[in-house]
Protein chains: 2
Amino acid sequence: MTQEDVSYKDKKVISIGIVSELTGLSVRQIRYYEERKLIYPQRSTRGTRKYSFADVERLMDIANKREDGVQTAEILKDMKKKEQALKSGQFKKKMLEGQINAHFRYKNR
Amino acid sequence: MTQEDVSYKDKKVISIGIVSELTGLSVRQIRYYEERKLIYPQRSTRGTRKYSFADVERLMDIANKREDGVQTAEILKDMKKKEQALKSGQFKKKMLEGQINAHFRYKNR
DNA sequence: CGTGTAAGGAATTCTGACACG
DNA sequence: CGTGTAAGGAATTCTGACACG
């Protein structure tokens, strides 16, 4: 994925009505999941919510879990755990890159 | 660019107000460029226009040309020319792939 | 030709609240 | 807990048209 593609995925430009169509969730449900801290839309100047494609995917993930009877508090916990794991993975990757760089610095001087 | 990224770029989900903010063009201008066949938004069930990121980029391109004094009819011509060139390039690429495939079919049988 | 604007109507979005369970 | 709904207001979007140039 290039940097430009990431910017598409994370750019908050979709209104709640479209998100509702895209996810099959009601507008009420989407607002409620925000209240429960599961999702963070951006607000436009005039206060309307704007979502990204990443948000839409996250909401579809939430919808699946809710269908399985998972409560929002539980979903929140799981998501935090996964974010933590992701950060940890990124950290490990950075460490590895550091070692590799050090290795080449050593070899090339 | 993966297939998924393409789907983000080309998915028509942005309302005209947001497109206006993103491009700096007035809503009136955006509608006018559609009238002149420079842009093709999708219509939602209730008739509102929906744009993709690709459309937004195309509009920014149009805006630049308009600033240089290029008329919409001229812009339309240029765009058609470029599309034609692109198709031609894709065609050449397909031909080449065909030759490569034929080559390997020959070698491997 | 390209763009602004007022007009009138329809649909969207927002918040806080009551309802049900 | 999770979701529907009616309420009232504000902002959006749509079309066809007149204006200016």
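Only heavy atoms go into these numbers, but all of them, side chains included; no hydrogens, no water, no symmetry mates. Below, chains carry the letters A, B, ... as their sequence lines are ordered, and counting in each starts from 1.
- Here D:dC14 presents its C1' atom at 14 Å from CD of B:Glu35, a figure rounded to the nearest Å.
- For B:Glu35 and B:Arg49, the salt-bridge test fails: no basic side-chain N is under 4.0 Å from an acidic carboxylate O.
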Worksheet entry | Which nucleotides of DNA chain D pair, in dot-bracket form (Watson-Crick or G-U under 3.5 Å, | meaning another strand) | .||||.||.|.|.||.||||.
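- Using a cut-off of 4.0 Å between Lys/Arg side-chain N and Asp/Glu carboxylate O, B:Glu57 and B:Lys9 are scored as salt-bridged.
- The side chain of B:Ser26 lies closest to C:dG4 when the candidates are C:dG4, D:dT12, C:dT3.
- Side-chain atoms of A:Tyr51 and A:Glu34, non-hydrogen and from C-beta on, do get closer than 4.5 Å to each other.
- Within the 4.0 angstrom heavy-atom criterion, base atoms lie near B:Arg28.
- Atom OH of A:Tyr33 and atom C1' of D:dT3 are 8 Å apart (whole Å).
- Between the side chain of A:Arg49 and the base of C:dT13 there is no donor-acceptor pair of N/O atoms closer than 3.5 Å.
- Across all strands, A:Arg36 comes closer than 4.0 Å only to sugar-phosphate atoms, never to a base (heavy-atom distances).
- Atom pair A:Arg46:CZ and C:dT12:P shows a separation of 15 Å (rounding to whole Å applied).
- The A:Thr72 side chain lies nearest to D:dG2 when the options are C:dT3, D:dG2, D:dT5.
- The distance between atom NZ of B:Lys37 and atom P of C:dG2, rounded to the nearest whole Å, is 15 Å.
- When the nucleotides D:dT3, D:dC14, C:dG4 are ranked by their closest atom to the side chain of B:Ile16, D:dC14 comes out on top.
- In this structure, A:Arg31 places its CZ atom 7 Å from P of C:dT15, rounding to the nearest Å.
- For the side-chain contact (heavy atoms from CB on, under 4.5 Å) with A:Tyr33, the lone residue among A:Leu38, A:Leu76, A:Ile75 that qualifies is A:Leu38.
- By the 4.0 Å N-to-carboxylate-O rule, A:Glu21 lies close enough to B:Arg46 to be salt-bridged with it.
- Under 4.0 Å is where a charged nitrogen must lie from a carboxylate oxygen, and between B:Lys82 and B:Asp78 no such pair does.
- Taking for each of A:Ala73 and A:Thr48 the nucleotide of DNA chain D with the nearest heavy atom, the 5'-most of the two is the partner of A:Ala73.
- Backbone-only contact: B:Arg66 has heavy atoms under 4.0 Å from sugar-phosphate atoms and none from a base.
- The side-chain heavy atoms of B:Thr48 and B:Ser15, taken from C-beta on, include no pair separated by under 4.5 Å.
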